[in-house]
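Here's the structure we're looking at; comments come further down.
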Amino acid sequence: MAKHILLYGLVALSVCCFVFAFEPSPLQDFCVADPSNSARVNGLACKNPMSVSVDDFSFSGLHLPGNTSNPVGSRVTPVTVAQLPGLNTLGISMVRIDYAPWGISPPQTHPRATEIITVLEGSLQVGFVTSNPDNSHITKVLQKGDMFVFPVGLVHYQRNVGNVNTVAIAAFSSQNPGVITIANAVFGSKPDIANDILAKAFQVDKSIVDQLQATF
């Protein structure tokens with residue numbers, strides 16, 4: 001009986017540790033980020049509470065449209081711990097995303113967060129792909145007021161499917177979700193991934209890989 005209790009206790013502890021593996025619960029009221037502190041921790045060091053101000057907990061600018069004049073036709077306005085120091089240790093962040101007509105947020109993944117997106121204006125095709133071996137493509141067109149969730153770590157994308165600008169707000173389960181844009185990571189790494197590796201991986205000629213790497 002004692003062994004069973006110990007086993008159950010260890011299982012419960014491991015589950016608890018897994019649940020809080022990404023960002024642990026804060027141990028104080030707040031831990032406003034101090035980017036000037038050189039201490040290396042999993043996150044940012046805390047400011048002295050006596051030097052904290054109300055500005056550490058506020059951000060202005062999400063009402064402003066982003067400039068979508070770029071090759072993908074979208075612009076992200078982030079509100080992570082880098083822009084809002086009061087987010088440090090709280091495990092949340094947000095972004096505003098503006099899309100030109102038929103603009104995209106290219107295939108990407110967030111290594112440290114689940115994302116939930118809400119369409120404020122326009123219409124937006126969203127989708128993600130499940131992990132190997134199924135690689136199921138889950139996709140839907142969202143309208144104003146619709147929401148969609150992208151599970152942590154999965155490759156996903158968005159595309160404005162209208163002839164007017166689209167605006168969305170997305171929230172993340174991390175103060176610093178990170179982003180890996182697939183094309184940039186694969187074809188724009190520094191130094192380059194060897195073209196014979198990519199040619200074999202994508203089943204294309206090396207010359208095509210060279211063209212793609214030159215683009216990024």
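Source: prediction; values computed, not measured.
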Between His110 and His156, how do the two ring planes meet: parallel, tilted or perpendicular, split at 30° and 60°? tilted
Would you mind reporting whether Val186 and Phe202 have side-chain heavy atoms less than 4.5 Å apart? yes
With a 4.5 Å cut-off on side-chain heavy atoms, are Thr80 and Gln175 touching? no
Looking only at heavy atoms, which two atoms of [X] and [Y] are closest? And how far apart?
X: Val52; Y: Phe30; answer: CG2-CE1, 3.9 Å
X: Phe59; Y: Pro78; answer: CZ-O, 4.2 Å
X: Ala100; Y: Thr68; answer: CB-OG1, 3.5 Å
X: Phe57; Y: Leu84; answer: C-CD1, 3.4 Å

Phe216: partners by ring-ring contact (aromatic ring centres under 6.0 Å, His included), with sequence neighbours left out: none
In terms of side-chain geometry, is the basic nitrogen of Lys47 or Asp56 positioned less than 4.0 Å from the acidic oxygen of its partner? yes
Listed partners of Asp34 passing salt bridge (Lys or Arg N to Asp or Glu O under 4.0 Å), at least two apart: none
Scan for salt bridge (Lys or Arg N to Asp or Glu O under 4.0 Å) pairs involving residues 88-103, sequence neighbours excluded, and state none if there are none. Arg96-Asp98
Looking at the rings of Phe128 and Tyr157, which for Trp means the six-membered one, are their centres under 6.0 Å apart? no
Within the side chain of [X], is there an N or O that forms a donor-acceptor pair under 3.5 Å with the backbone of [Y]?
X: Gln108; Y: Pro106; value: yes
X: Ser173; Y: Thr114; value: yes
X: His137; Y: Asn135; value: no
X: Ser189; Y: Pro191; value: yes
X: Thr166; Y: Ser123; value: yes

